[in-house]
Amino acid sequence: MKSDVNLCSLKNIACTLPGQRMTSKETLLQKYEEYKKEFDRIPKYREFLRFAGIHGRVLVKIYGEDAYSKLQMECGDLANKLNLEKTPLEKIMRQYGDLALEAGKLPSSSVWIHQGLKPTISGLERSPHFIKWPEFPKKFARWAEVENAVEYKEVLELIEASSSSSGKSITEKSDREFEELINAVRSWIPDRRRNVEETYKVELRKHLEAKGFKLHEEFGESNFDLLIRNKYAIEIKKAPNQSEYDRMFGQLARHLQHQLHVIALVLDAPTQDKFDNFTALVDLYLNKNEKFVEVIKK
DNA sequence: CCAAAAGAGACAGCAACCAT
DNA sequence: ATGGTTGCTGTCTCTTTTGG
């Protein structure tokens, strides 16, 4: 090794001699092959530079962008540069589908880990995949549908079955909680008329806490007025005009996206017909299949 | 029935990768 | 130092199972 370094420095001196100043492409290619012969493997960037006794700029001068990679390709090798292609969606989905077919049921994340499938769970849930495990069935179903992957028909049936059975029991259970909450909000009577929405909010919060609901402090960028058990959001609007109703509608929709149940609480509604119109809209568009939004007026 | 233990999942931090 | 994907690990939470 040490003699190598010495050699290189000798050559460097040689390179500075007139007439040899230009390192030619051919010399580099030759060096590359030499290295492979000598060490029986492909050199890494730095190793090559040292071995050839050149500065990285020389490479760039000859090859331009991604110089070393181009050189490697020219010598018939794959570039060392990391090929960070994300795992294609298809591969991920097929792995999932095959697991399900094999087991005859929807796999848990543990199976995936045990099989050593990639990307790992932690990779899966982050960019660029964003597949959290419980969402896997849904995403798989969507994929299979788009790709028309008939071979996974059984898996789709499994997904269908699980979402209707477990889905139901879950909503039934949470429905009860939701009902309780709705009743609690209904039973709340504001001390008196307030001028500011915020004051109502504080008061309602006290009321709910007294009823034994666990309120979450607003954290992060959450836009909820109140959040209960991470599942139920309460939106409070005082004396809304039309555009505020519209805004609230949008907020409700956003909450639903986060799979929350929402109570929209309207205080001091100026006119009955705007309120009625609002509730009608909510029922029509947001409470389409199952009831997740409750509108209450005080 | 309750309490403890196991299981599943969420999430964040850290590191590896390697040419540029 | 940086880029982007991925893996690994620790900690937290929530749910389900088990033991008594």
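Below, read A as the first sequence line, B as the second, and so on, with proteins coming before strands; counting in each chain starts at 1.
Ranked by how close their nearest DNA chain B nucleotide is to the 5' end, A/Leu59 and A/Pro134 are led by A/Pro134.
Side-chain atoms of A/Arg126 and A/Ser122 form a donor-acceptor pair, as typed in the model, at a separation below 3.5 Å. With 3.5 Å as the limit, one finds a donor-acceptor pair spanning the side chains of A/Asp98 and A/Tyr152. Between the side chains of A/Tyr200 and A/Asn195, no donor-acceptor pair of N or O atoms lies under 3.5 Å. Side chain to side chain, A/Lys118 and A/Gln95 fail the donor-acceptor criterion of an N or O pair below 3.5 Å.
Rounded to whole Å, atom P of B/dG13 lies 13 Å from atom CD of A/Glu125. The separation between A/Leu124 atom CG and C/dG4 atom C1' is 17 Å, rounded to whole Å. Atom NZ of A/Lys118 and atom P of B/dA16 are 16 Å apart (whole Å). If you take CD of A/Glu135 and P of B/dC11, they are 9 Å apart, rounded to a whole angstrom. The NZ atom of A/Lys132 sits 9 Å away from the C1' atom of B/dC11 (whole-angstrom rounding). For A/Ile113 and B/dA10, the CD1 to C1' distance is 12 Å, given to the nearest whole Å. Atom CD1 of A/Ile121 and atom P of B/dG7 are 16 Å apart (whole Å). Separating the CD atom of A/Gln72 from the C1' atom of B/dT20 is a distance of 13 Å, rounded to the nearest angstrom.
With hydrogens and angles ignored, no donor-acceptor pair closer than 3.5 Å exists between the side chain of A/Arg126 and the base of C/dG4.
Checking the phosphate oxygens (OP1, OP2) of C/dT6, a side-chain nitrogen or oxygen of A/His129 falls inside 4.0 Å. Note on A/Ser122: every side-chain N or O is 4.0 Å or more away from OP1 and OP2 of C/dC8. OP1 or OP2 of B/dA8 has not a single side-chain nitrogen or oxygen of A/Ser109 nearer than 4.0 Å.
Of the charged side-chain nitrogens involved, at least one lies within less than 4.0 Å of a carboxylate oxygen, so that A/Glu294 and A/Arg186 count as a salt-bridged pair.
Annotation: the terminal axes of the helix from B/dC1-C/dG20 to B/dT20-C/dA1 meet at 40°, where each axis is the rotation carrying the C1' atoms of four end pairs onto the next four (5 pairs per end, rounded to 10°).
Counting only distance, with no hydrogens or angles, the side chain of A/Thr279 and the backbone of A/Phe275 share a donor-acceptor pair below 3.5 Å.
Aromatic ring centroids of A/Trp133 and A/Tyr96 lie under 6.0 Å apart.
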